[in-house]
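Notes for the one structure printed next.
Start at 1 and go down the list; that is how both ligands and their atoms are numbered. For this chain, numbers begin at 1 and follow the sequence in order.
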Amino acid sequence: MGDQKAIIAMSDQYIMRTYGRLPIALVRGQGLYVWDADGKRYLDFVSGLAVDSLGHCHPRVVAAIQNQAAQFMHCSNLYHIEPQARLAKLLVENSVLDRVFFCNSGAEAIEAAIKLARKYAKKKHGPERYEIISAYNSFHGRTLAAITATGQAKFQQGLEPLPDGFKYAIFNDLESLKSVIGPHTAAVLLEPIQGEGGVNVADGKYLEGVRRLCDEHGLLLILDEVQCGLGRTGRLFAYEHYGITPDIMALAKALGGGFPIGAMLATEEAASGFAPGDHASTFGGNPLACAAGLAAVQTIIETKLVEHSAKVGDYFLGRLRGLQDRYPFVKEVRGKGLLLGMELSIKAGGVVTRCREQGLLINCIGDHTLRFIPPLIVTGADVDAALKIVRAALDQEGEG
Ligand SMILES: *Cc1c(COP(=O)(O)O)cnc(C)c1O
């Protein structure tokens with residue numbers, strides 16, 4: 001057992017100050033639980049930010065990584081890589097997309113999507129077509145292009161000049177999107193459910209309308225499923241809720257079962273925008289990451305975690321909505337599957353702290369919205385256990 005205070009002191013001294021960290025150091029995880037360096041156990045409803053969908057240290061992912069690590073960790077994309085080809089085949093066979101580019105994170109998947117969209121639009125329609133329209137309140141990652149696509153000024157401040165060629169429209173407002181489409185537009189980039197922006201769910205009519213507008217204007221539709229993809233919302237991909245299909249899709253977070261990997265998928269048509277030499281990544285799709293990804297995605301599909309996530313998510317949503325009668329400061333509960341948010345009219349930080357003290361990890365997006373993103377293996381009984389702690393925290397909030 002480590003000394004938690006010592007770990008925190010060392011971290012504070014040597015790590016760059018980019019994160020506002022909570023005062024615990026986690027050292028171990030198993031299934032739905034994590035332990036801090038003092039040995040305290042927590043029920044984990046954060047899942048490493050929607051990464052640990054199979055729970056922590058899933059035996060199939062651990063075995064795949066151990067085996068692959070002993071056989072071949074890295075070789076370069078100068079050569080064909082079997083686990084990479086197999087993971088691409090699995091993703092293609094289970095989606096509407098035809099080809100995959102592998103990278104190491106969500107931001108890189110978005111970066112690749114932006115580059116492909118520009119290359120495709122210029123080849124197909126001419127050099128004046130390069131603009132990407134994204135939504136206000138979106139989140140697409142932290143590289144300069146991805147943060148520019150992110151429609152939240154607070155993340156962009158001080159980074160100017162930002163890359164050119166990005167415009168924004170109001171989420172769930174088709175007229176707003178229409179008014180921004182112009183002669184330079186190449187693609188529309190959206191999260192079907194905005195995760196970091198507050199768990200905002202796209203309306204069915206809106207996404208249908210977006211797809212129609214893209215078709216009318218010859219624009220590519222890029223869906224960012226980095227957070228909402230791979231079973232999180234009760235469908236393997238969130239677009240399946242809407243009866244529409246993307247031209248390009250970004251994945252990451254849950255893709256590696258805890259191991260870092262990202263992917264950008266595209267239809268054959270959109271993928272024709274790239275030729276050899278147009279994009280690359282040294283580590284992207286390396287044997288170790290892809291072996292982890294293959295084990296993770298196979299497990300999600302074969303153990304029917306997608307259906308499970310839909311069922312437990314419905315139960316969880318219903319129980320959270322039930323809290324609205326009891327606590328007048330609960331403004332709205334929203335989400336799909338196991339990507340759920342509860343917006344409060346009061347600040348939510350105190351609830352997060354009290355839950356942590358009682359052994360439950362949840363997180364807060366913005367100042368007012370509690371987010372619940374447990375591993376997809378969570379059961380109704382686990383949800384009940386978490387809600388007991390949440391209710392106690394909300395009771396104190398009511399008294400305070
Ligand atoms: C987390 C996230 C990203 C960025 O992923 P990183 O791996 O942190 O670069 C992009 N888009 C969405 C929707 C996300 O939730």
Side-chain angles (χ1 to χ4, degrees), residues 16 18-21 46-53 101-117 132-152 154-156 159 166 168 171-172 187-202 207 221-233 235 237-239 241 246 248-265 281 283-286 289 292-293 296 334-341 363-366 369 371-374 376:
M16 216 167 280
T18 62
Y19 303 99
R21 291 182 203 260
V46 175
S47 308
L49 292 174
V51 166
D52 303 302
S53 282
F101 174 85
F102 286 107
C103 49
N104 311 289
S105 67
E108 282 173 82
I110 291 299
E111 193 81 26
I114 292 167
K115 287 175 74 171
L116 178 60
I132 311 287
I133 301 174
S134 60
Y136 288 112
N137 277 322
S138 58
F139 184 82
H140 299 295
R142 298 287 194 151
T143 63
L144 261 185
I147 208 67
T148 304
T150 293
Q152 302 194 58
K154 67 176 179 189
F155 291 119
Q156 301 169 341
L159 298 175
F166 292 86
Y168 313 95
F171 190 65
N172 268 339
V188 175
L189 165 61
L190 291 173
E191 296 156 271
I193 300 182
Q194 293 185 328
E196 304 304 306
V199 191
N200 307 313
V201 181
L207 273 195
L221 176 58
I222 306 168
L223 291 183
D224 181 346
E225 297 226 12
V226 167
Q227 183 161 159
C228 63
L230 297 166
R232 175 60 50 192
T233 69
R235 295 284 199 288
F237 300 109
Y239 68 74
H241 288 287
I248 299 176
M249 175 168 72
L251 297 177
K253 294 203 161 90
L255 183 56
F259 199 89
I261 179 171
M264 186 269 289
L265 290 76
S281 164
F283 287 124
N286 98 345
R334 50 185 184 251
K336 277 188 194 292
L338 290 168
L339 174 50
L340 299 174
N363 91 321
C364 171
I365 33 185
T369 304
R371 180 171 44 176
F372 304 92
I373 38 177
L376 306 186

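A donor-acceptor pair is defined here as one N or O able to donate and one able to accept, closer than 3.5 Å; such a pair exists between the side chain of Ser47 and the backbone of Ile373. Side-chain atoms of Ser53 never come within 3.5 Å of backbone atoms of Leu376 as a donor-acceptor pair (strictly under, hydrogens ignored). Panel note: side chain Thr150, backbone His140; a donor-acceptor pair is recorded below 3.5 Å. Checking side-chain atoms of His241 against main-chain N and O of Thr233 turns up a donor-acceptor pair under 3.5 Å.
Applying the side-chain hydrogen bond (donor to acceptor under 3.5 Å, both in side chains) rule to pairs touching residues 190-200 yields Gln194-Asn200, Glu196-Gln227, Glu196-Arg371, sequence neighbours excluded.
Surrounding CZ of Phe155 are more than 12 heavy atoms belonging to other residues, nucleotides or ligands, all under 6.0 Å away.
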Show the short N or O contacts, below 3.5 Å, that ligand 1 makes with protein N or O atoms; if there are none, say 'none'.
unit_1, atom_1, unit_2, atom_2, d
ligand 1, 7 (O), Gly106, N, 2.8
ligand 1, 9 (O), Gly106, N, 3.4
ligand 1, 9 (O), Ala107, N, 2.7
ligand 1, 11 (N), Phe139, O, 3.2
ligand 1, 11 (N), Asp224, OD1, 3.3
ligand 1, 11 (N), Asp224, OD2, 2.7
ligand 1, 15 (O), Gln227, NE2, 2.8
ligand 1, 15 (O), Lys253, NZ, 2.6

